[in-house]
Colleague: 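One structure, as structure tokens, below. Some questions next.
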Amino acid sequence: MEIPKQYDPKQAEQSHYERWEKSGYFAPEINRDPDAPAFSIVIPPPNVTGSLHMGHALQHTMMDVITRFKRMCGYRTLWLPGMDHAGISTQLMVTRELKKEGVSRHDLGREKFIERVWKWKKESGGQITKQMRREGASVDWSREKFTMDEDLSGAVREIFVRLYEEGLIYRGNRIVNWCPNDQTVLSDLEVEKIAQAGKLYYLRYPAKNGAGGVTVATTRPETMLGDTAVAVNPNDARYRDLVGKTVALPLTGREIPIVADEFVDPEFGTGAVKVTPAHDPNDYEMGVRHSLEQIVVIDQHARMTEAAGAEFAGLDRYKAREKVVEQFEELGLLEKVIEYEFSISKCERCKTVIEPLISMQWFLRMEELRDGALKLLASRRKPQFVPEIPYEKVYSSWLENLRDWTLSRQLWWGHQIPAWYTPAGEVIVARSEAEARDKAGNDQLTQDPDVLDTWFSSQLWPFSVFGWPEKTIDLDTFYPTSVLMTGRDIIFLWVSRMVMIGLKFMGREPFADVFITGTILDAHGQRMSKTKMNGIDPLEVFDKYGVDATRLKLSSVGSTDTRWNDKQVESYRNFANKIWNAARFALMNSEGAAVDPEALSVSPESALHDRWILSRLNKTARDVRQSLAGYEFHEAVQTLYHFFWDDFCDWYIELTKADVTAEAASPQRTAARTRVVSVLEQALRLLHPFMPYITEELWQQLPGVGKHLLHPAYSEAEPTIMLAGYPEPKSELINENTEWEMQALIDLISRVRNIRSEMQIKPSEPIPVLIGAPDEKLRAVYNANKNQITRLLRASEVSISDLVEAPKASARAVLVGGAEVAVPLAGLIDFAQERKRLGKEREKLAAEAAKLEAQLGNPQFAERAPAERVEELRTRIADIAQRTTQLDQTIANLT
RNA sequence: GCCCGCUUGGCUCAGUGGUAGAGCACUCGCUUCACACGCGAGGGGUCAGAAGUUCGAAUCUUCUAGCGGGCACCA
């Protein structure tokens, strides 16, 4: 059998996925156990725009690890894939594409434009599904959903109507965040505050007779054209007399009142604030409190309106600012201008400065929904955030300060708001136009042209994908889902809203746990972003190092932020190669052997290394299961890595090699070979959730694999590692005494290797090894493994007795339990060198002893520390003392 | 402004009230019959700084510094 020395990921990545998918292994139906518990994850639907980035690969890997793990544990497992229509992003993307053809969306018209978006969605979405297949994501494609699917859109309308009928959704004329570039309203979450250096202008508004008046400070002088009051703090003595009086608003000829409002901070600026109810959220609130007129002076294109005065009408807001300042200066009313840093609201997407405008929009009242979510968290700690700190608090404090959600968007791509207007202006909210006509008794209806915020449909995802409002089997089986895995950037936008709406309409939280993944940063600690061009394409990493290696790296990221480094993937690529070669060894020596569950048990008579590897295997299974249960991905990866490389490859294979590679067939050889392939098979299963491709590739080649190895729930499937049972730890095979014995052996071998290395003895030079062990038990261990010791040390002879009797010219090492090893080096030994080597050893011991004795010397330690610990310390000190004595003797003899 | 997190060997990161860990990098030796994407042996850290709690602190508390994040209506 020819097996290449190097693992070729591309080859393994070629065929398995297709077979898994075609065979229906990703679908929960493959599980034939009627009593199987359900495990479900719904994917955070990626935007149909663009392609997957490292963040997706990260989340998908973790979801896949958990999904594959649960599937192997026999759960009825579903990981449901899908995509989000991503309203604004998608519309902008297609608009940009059209622009290249010299066409605007208005040229096309709404209907044609939407057709065009669907066409675009088909191509872009195809890219994403292709990439997910490459990742190895074991999602059930037969259940793939899109937020604009007919049934999901139905759920959107249903929810909208119900919320409207309950009075939670309302239409109102309120101040909103308007993006003059995207020409739509935005929710608070789609606006980002950016600190910026700017100017603070002090404008004087004179009294009616031209004298006195008040001075206000503002960063936006142009809005003064829409001022309808000046506000001061009611407790501000400076202005007390002015409250109730008026000032003449320059440039407009209007007279505006001075009102008192608690909102005003006397410490800031002049303590007097200009009030522009139509163009500032705070002023809007004050306007409401004082019944002030709202004068709209800026329009949707951020240009001044007629109401701003003929002189300003049509001017851009910034041009108008200059002009207002100029005129104040000419009038002698510009008191001063100071440099001032403040934060400004920008459109998260296009970075245009937001214009607060009063506008008729649809809103969702959040109090009731919010209270439900907060109560759930307080009473049942759901959802459980991982890591709990800081995300639980981030989530709850955001909820506590929640304001109404602006639902409508002035876009074409999205769920059109299910509201119709009669010619008389009556509003009819209904599930369909037909229903609206019925309700209105009128067929002259016009539908609201706006669409819903993308997140309105996303929040329904955990139940709309299962067919809600129909009572489907899937809904019954898979809701609530088990865990949500996502990045921290959408805790508010998405996670919280799913909880609120899921609770309201399903009566239960949409997921038990929320795992927040870390963020992958670039080498300099910067966030990866398109604009910075510092992103790393997961596909390129896959090509370079293989999917499995990349997945292992991504798994170990867990929930902490980490800087990307190719080197780490490279080391996991090397690990994959290690796995490949361990299997290569097993397969090259597999004649007469087959995977056999019987080989996974041992008796007290079994060889030490056999008892040991099974102890390690079972401990590994136990630890990995435990780690995954707590979403400790990094720990799981480390456990597996060291089990496979250190325990299985470095020690087990080496110790069993002599038996396995024996030339003549024998029951002993067969047993050894069987054990190796069987342990390897278990190791592959343990690794499979993390490294699906290489494990399947190798598993399929192992002799004796078949249906009988599958988890009982998958009786109908063809042999595949992805449906094999995940190894269960057998506590009776975990044996600390065995591990202690093995450790003694490892120590012996390591000490002698150290002598070889430090004494510069050629690796090929056979050496005699003399072992002295006064402890009978220890001696028995050495005796039982004499062949292994000989082999691993390339010893010409190994003698084991209770006391070392070696020539003076020997290199020595002190072992556990008073044991000692000597390597006679007549003619080879450099006494000075050996003294130096032993001296170093002694120094280490002395340092440790000093530390321990200081601790024991503290009378309060013996008094207050647990007796067990004191005893342990005494034992250790005694051991060190013994070794030190032995070393001293050895050194003394070296002359 | 408020809240939170991080600070561990050259680098990237684990860890934890009781002997400081890994991978990479580094040094030395090795074409040892699975693997040089390897094998063996090493060097390297007073766990940011200070104070406190404790028999004992890298781990708990407080403060300081640096970095990062979230929230906030201050015109």
Side-chain angles (χ1 to χ4, degrees), chain A residues 3 5-7 193 200-201 216-220 223 231 263-265 267-276 280-286 340 342-343 387 389-391 393-394 397-398 401 488 491-492 519 521 523 525 527 545 549 553 556-558 560-568 570-589 632 634-635 637-638 641-642 649-650 653-654 657 661 749-750 753-758 760-764 791-792 794 847-848 851-852 854-856 858-866 869-870 872-873 876 880:
Chain A
I3 305 167
K5 282 185 174 186
Q6 267 190 19
Y7 169 53
K193 300 268 166 88
L200 189 61
Y201 302 86
V216 296
T218 180
T219 54
R220 300 198 60 193
T223 62
F263 168 79
V264 180
D265 175 5
E267 304 295 316
F268 188 90
T270 61
V273 188
K274 58 189 277 311
V275 184
T276 323
D280 181 281
N282 297 312
D283 294 6
Y284 174 84
E285 299 292 334
M286 276 196 277
Y340 179 63
F342 63 106
S343 63
I389 298 169
Y391 299 115
K393 203 175 164 193
V394 164
S397 57
W398 181 77
N401 299 308
R488 71 168 88 88
I491 292 179
F492 307 145
T519 308
L521 309 168
R527 273 170 174 270
Y545 299 106
K553 159 63 196 167
S556 64
V557 166
T560 43
D561 292 358
T562 185
R563 296 175 189 215
W564 183 261
N565 186 344
D566 265 12
K567 285 282 179 194
Q568 293 164 359
E570 192 180 308
S571 89
Y572 286 125
R573 188 273 316 266
N574 296 349
F575 180 56
N577 199 53
K578 189 75 182 177
I579 297 169
W580 180 261
N581 277 288
R584 182 168 181 263
F585 169 77
L587 290 169
M588 288 189 335
N589 298 288
E632 310 263 4
H634 183 273
E635 207 169 81
V637 170
Q638 291 308 306
Y641 183 95
H642 291 292
C649 292
D650 286 352
I653 288 184
E654 294 307 325
K657 200 174 250 179
T661 59
I749 291 167
S750 300
R753 281 173 173 171
N754 174 266
I755 289 173
R756 256 192 190 284
S757 188
E758 299 267 322
Q760 292 171 341
I761 302 164
K762 279 207 171 76
S764 52
R791 184 187 166 85
L792 293 191
R794 284 196 156 228
E848 203 184 330
K851 225 198 265 179
L852 297 180
Q855 201 176 345
L856 196 64
N858 184 340
Q860 280 163 318
F861 172 72
E863 231 170 86
R864 304 197 193 179
R869 177 142 297 282
V870 178
E872 190 189 314
L873 196 69
R876 263 171 53 208
I880 290 172

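The sequence lines fix the lettering, A, B, ..., with proteins before strands; numbering per chain opens at 1.
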Colleague: If you look at every strand shown and take non-hydrogen atoms under 4.0 Å, does A:Asp283 touch a base, only sugar-phosphate, or nothing?
Modeller: nothing
Colleague: Could you tell me how the ring of A:Tyr340 sits relative to the ring of A:Phe342: parallel (under 30°), tilted (30 to 60°) or perpendicular (over 60°)?
Modeller: parallel
Colleague: On a plain distance test, is the side chain of A:Lys578 in donor-acceptor contact with the base of B:rC35 below 3.5 Å?
Modeller: yes
Colleague: Return the nearest nucleotide to the side chain of A:His642; candidates are B:rA22, B:rG18, B:rC13.
Modeller: B:rA22
Colleague: Which stems, defined as runs of 3 or more consecutive Watson-Crick or G-U wobble pairs with both pairing distances under 3.5 Å, involve RNA chain B?
Modeller: B:1-7 with B:65-71, B:10-13 with B:21-24, B:26-30 with B:38-42, B:48-52 with B:60-64
Colleague: Output one letter per nucleotide in nucleotides 66-75 of chain B: B when a protein non-hydrogen atom lies under 4.0 Å from the base, S when only the sugar-phosphate is that close, - when neither is.
Modeller: ----SS-BBB
Colleague: Heavy atoms only, 4.0 Å cut-off, all strands: where does A:Glu632 land among base, sugar-phosphate and nothing?
Modeller: nothing
Colleague: With a 4.0 Å cut-off on heavy atoms, is A:Ser397 in touch with a base, just the backbone sugar-phosphate, or nothing at all?
Modeller: nothing
Colleague: Pairs under 3.5 angstrom, nitrogen or oxygen only, protein versus nucleotides 41-43 of chain B, please.
Modeller:
| residue | atom | partner | partner atom | Å |
| --- | --- | --- | --- | --- |
| B:rA41 | O3' | A:Asn754 | ND2 | 3.1 |
| B:rA41 | O2' | A:Ser757 | OG | 3.3 |
| B:rG42 | OP1 | A:Asn754 | ND2 | 2.4 |

Colleague: Taking the minimum atom-to-atom distance to the side chain of A:Lys567, which one of B:rC37, B:rC4, B:rA25 wins?
Modeller: B:rA25
Colleague: For nucleotides B:rC47 and B:rU8, find the distance between their C1' atoms and express it as a whole number of Å.
Modeller: 4 Å
Colleague: With a 3.5 Å cut-off and heavy atoms only, can you find an N or O donor on one side and an acceptor on the other between the side chain of A:Lys657 and the base of B:rA34?
Modeller: yes
Colleague: Reckon A:Pro866 touches a base, only the sugar-phosphate, or nothing at all at heavy-atom distances under 4.0 Å?
Modeller: base
Colleague: Over how many whole Å does the gap from A:Leu521 atom CG to B:rC6 atom P extend?
Modeller: 16 Å
Colleague: Choosing from B:rG18, B:rC24, B:rC35, which nucleotide comes nearest the side chain of A:Ser571?
Modeller: B:rC24
Colleague: Ignoring hydrogens and angles, answer whether the base of B:rC37 and the side-chain atoms of A:Arg573 contain a donor-acceptor pair closer than 3.5 Å.
Modeller: yes
Colleague: Do we get A:Lys578 above A:Tyr641's six-membered ring, with its NZ or CZ under 6.0 Å from the centre and within 45° of the axis?
Modeller: no
Colleague: Base, sugar-phosphate or nothing for A:Glu848? Non-hydrogen atoms, less than 4.0 Å.
Modeller: base
Colleague: Test for a donor-acceptor pair under 3.5 Å between the base of B:rA34 and the side chain of A:Gln6, counting only N and O atoms.
Modeller: no
Colleague: Taking atom P in both B:rA20 and B:rG43, what distance in whole Å separates the two?
Modeller: 16 Å
Colleague: RNA chain B: A:Asn589 or A:Gln760, which has the more 5' nearest nucleotide?
Modeller: A:Gln760
Colleague: Find the distance A:Arg794:CZ to B:rG29:C1' and express it as a whole number of Å.
Modeller: 14 Å
Colleague: Write down the distance separating the P atoms in B:rG49 and B:rC35, rounded off to the nearest Å.
Modeller: 47 Å
Colleague: Using the side-chain heavy atoms of A:Ile389, tell me which of these nucleotides is nearest: B:rC24, B:rG5, B:rU19.
Modeller: B:rG5
Colleague: Can you tell me which nucleotide in B:rU12, B:rC4, B:rA20 comes closest to the side chain of A:Lys851?
Modeller: B:rA20
Colleague: Think A:Lys5 has a side-chain N or O under 4.0 angstrom from the OP1 or OP2 of B:rC35?
Modeller: yes
